[in-house]
Amino acid sequence: MFRTLPTPDPSEFAGKRVVVTGGSRGIGAAVVQRFLDGGATVVTTARTATDTTPAGAAFIPGDLSSADGVHAFASAALQHLGGVDVVVNNAGAARTHLGGIGTIPDDEWTDALDLNYLSAVRLNNALLPAVREAGAGSVIINISSGSAVLPAGPLAHYGAAKAALNAYGKALASELAPAGIRVTTVMPGNVLTPGADAIRQDFADAMGVDLAATTAAVPLGRPGDPRDIAEAVAYLASDRAQWVTGTTLTVDGGELPTF
Ligand SMILES: NC(=O)c1ccc[n+]([C@@H]2O[C@H](COP(=O)([O-])OP(=O)(O)OC[C@H]3O[C@@H](n4cnc5c(N)ncnc54)[C@H](OP(=O)(O)O)[C@@H]3O)[C@@H](O)[C@H]2O)c1
């Protein structure tokens, strides 16, 4: 059972200008709400807003699967915020292929890379001048996946893209550390969200089990709530984590084996 979290300090992120991708639902919506609760000004994007998109954020519709889409969003976000202190690359998606890795079509490998890896690279590149201007204490957080280190065959293309994101984040952290800009990566485990539930349903159908069985092995006894990930992101974005960079934080209820 998810227990109530401590009430956020409403001034924790006061004055911070925050960009979160994929904030229309799921983990991204929880991250947006967590920054709003901490007093930040937040811009988010997705192709479509939903009734769970936090109302306190500016929503700029966009498709991050192409360079043009990312650049259009970056310009609009900068115009709205006038600068940026925190970037959270969260948008991502995966499509399951249960027929074997060889059945994943070529264009799905490139699609997976475009959305789950290159969207973050492109957005960070576009926002980096503003992040550098914001200076020491500004933060980039990339949302990866446990699939980066424990990939399942039907999601091999997605896992490979997330593994690339992990490696890229480490390199970016080293490059930006002298400027006091921190770069970290979060690897969620099984979190209950619309996107992940659909994927888990594919696995459940293939195994002939119900959806709950796909998360029954989480050592802490429950699947993740999007707020579990948002809390980790809030910590990494805050000055409480001022000596943390280049790290990959697993938030999964204990499911991933040590690596
Ligand atoms: N939930 C989990 O168990 C889990 C585990 C490991 C990692 N993750 C990672 O956590 C992140 C969030 O996942 P989630 O579970 O919250 O998924 P979700 O419920 O499907 O939400 C994904 C978000 O990304 C947006 N998005 C998808 N394609 C996009 C595109 N082409 N352009 C712009 N935005 C796009 C979606 O909005 P639109 O579709 O309207 O564009 C939505 O806002 C992803 O990077 C995912 O890989 C999740």
Side-chain angles (χ1 to χ4, degrees), residues 19-34 42-54 57 59-74 76-77 87-96 108 110-123 141-152 155 157-166 169 185-204 211 214-215 218 222-230 232-233 248-253 255-256:
V19 172
V20 179
T21 66
S24 65
R25 61 174 190 256
I27 290 171
V31 169
V32 168
Q33 190 58 56
R34 181 62 181 80
V42 186
V43 165
T44 192
T45 188
R47 289 165 299 179
T48 318
T50 73
D51 56 7
T52 60
T53 307
F59 182 83
I60 299 172
D63 187 337
L64 302 180
S65 61
S66 72
D68 286 351
V70 173
H71 293 146
F73 169 65
V87 183
V88 182
N89 289 291
N90 164 78
R95 205 171 311 153
T96 39
E108 284 212 28
T110 51
D111 288 353
L113 286 167
D114 270 325
L115 181 60
N116 296 292
Y117 169 47
L118 289 173
S119 67
V121 175
R122 290 167 174 153
L123 187 63
I141 299 168
N142 298 321
I143 306 299
S144 179
S145 166
S147 297
V149 293
L150 194 65
L155 294 173
H157 50 332
Y158 167 79
K162 292 294 195 181
L165 187 64
N166 287 15
T185 301
V186 176
M187 292 201 304
N190 280 304
V191 181
L192 300 182
T193 68
D197 289 350
I199 293 165
R200 276 191 290 273
Q201 189 65 58
D202 289 342
F203 282 93
L211 188 59
T214 63
T215 55
V218 179
R222 64 167 175 85
D225 181 286
R227 290 169 292 179
D228 291 312
I229 308 304
V233 169
T248 301
L249 177 60
T250 302
V251 186
D252 71 341
E255 202 169 5
L256 266 187

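Hydrogens, waters and symmetry mates are skipped; everything else that's a heavy atom, side chains included, is used. Start at 1 and go down the list; that is how both ligands and their atoms are numbered.
- The closest side-chain heavy-atom distance from P188 to V251 is not below 4.5 Å.
- Residue P188 has no N or O atom closer than 3.5 Å to an N or O atom of ligand 1.
- Only the backbone of S144 comes within contact range of ligand 1, with a heavy atom under 4.0 Å; no side-chain atom does.
- Residue contact check: A196 has heavy atoms under 4.0 Å from atoms 1 (N), 2 (C), 3 (O) of ligand 1.
- Residues L155 and A94 approach most closely at CD2-CB, 3.7 Å, considering heavy atoms.
- What you find for A161 and Y117 is that their closest heavy atoms are O-CB, 3.6 Å.
- An N or O contact shorter than 3.5 Å links I27 to ligand 1 by distance.
- Each of the following atoms of ligand 1 lies closer than 4.0 Å to a heavy atom of N90: 10 (O), 11 (C), 12 (C), 44 (C), 45 (O).
- With ligand atoms numbered from 1 in the order given, ligand 1 contributes 32 (N), 33 (C) to contacts under 4.0 Å with heavy atoms of G62.
- Between the side chain of T96 and the backbone N or O of I199, no donor-acceptor pair lies under 3.5 Å.
- Taking every non-hydrogen atom of S145 and a distance limit under 4.0 Å, the qualifying atoms of ligand 1 come out as 6 (C), 7 (C).
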Just list the side-chain donor-acceptor pairs under 3.5 Å for residues 65-72, sequence neighbours left out, or say none.
{"from": "S65", "atom 1": "OG", "to": "D63", "atom 2": "OD1", "distance (Å)": "2.7"}
{"from": "S66", "atom 1": "OG", "to": "G69", "atom 2": "N", "distance (Å)": "3.0"}
{"from": "H71", "atom 1": "ND1", "to": "A67", "atom 2": "O", "distance (Å)": "3.1"}

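- Ligand-side atoms of ligand 1 in range of P194: 19 (O), range being under 4.0 angstrom from any heavy atom.
- Residue contacts with ligand 1 for L115 involve side-chain atoms from C-beta outward but no N, CA, C or O (heavy atoms, distance under 4.0 Å).
- Geometrically, ligand 1 and G146 share no nitrogen or oxygen pair separated by less than 3.5 Å.
- Heavy-atom distances between M187 and ligand 1 stay at or above 4.0 Å for every pair.
- Note on ligand 1: G189 sits in its first shell, one or more heavy atoms being nearer than 4.0 Å.
- Contacts between N190 and ligand 1 below 4.0 angstrom, taking non-hydrogen atoms only, involve the backbone exclusively.
- With respect to atom 27 (C) of ligand 1, the closest heavy atom belonging to the protein is R47 NH2, 3.7 Å.
- Side-chain contact check for T185 and N166: no donor-acceptor pair (N or O, by modelled atom type) lies under 3.5 Å.
- Residue T45 places no N or O, backbone or side chain, under 3.5 Å from any N or O of ligand 1.
- Close approach of ligand 1 to G195 (heavy-atom distance below 4.0 Å) involves ligand atoms 18 (P), 19 (O), 20 (O).
- Between N116 and ligand 1, no N or O atom pair is found at a separation short of 3.5 Å.
- Inclusion of G26 in the set of residues having an N or O under 3.5 Å from an N or O of ligand 1 is not warranted.
- For ligand 1, the atoms lying closer than 4.0 Å to a non-hydrogen atom of D63 are 30 (C), 31 (N), 32 (N).
- Atoms of ligand 1 found under 4.0 Å from any heavy atom of R200, numbered from 1 in the order shown, are 3 (O).
- Between A93 and ligand 1, a contact under 3.5 Å exists for no N or O pair.
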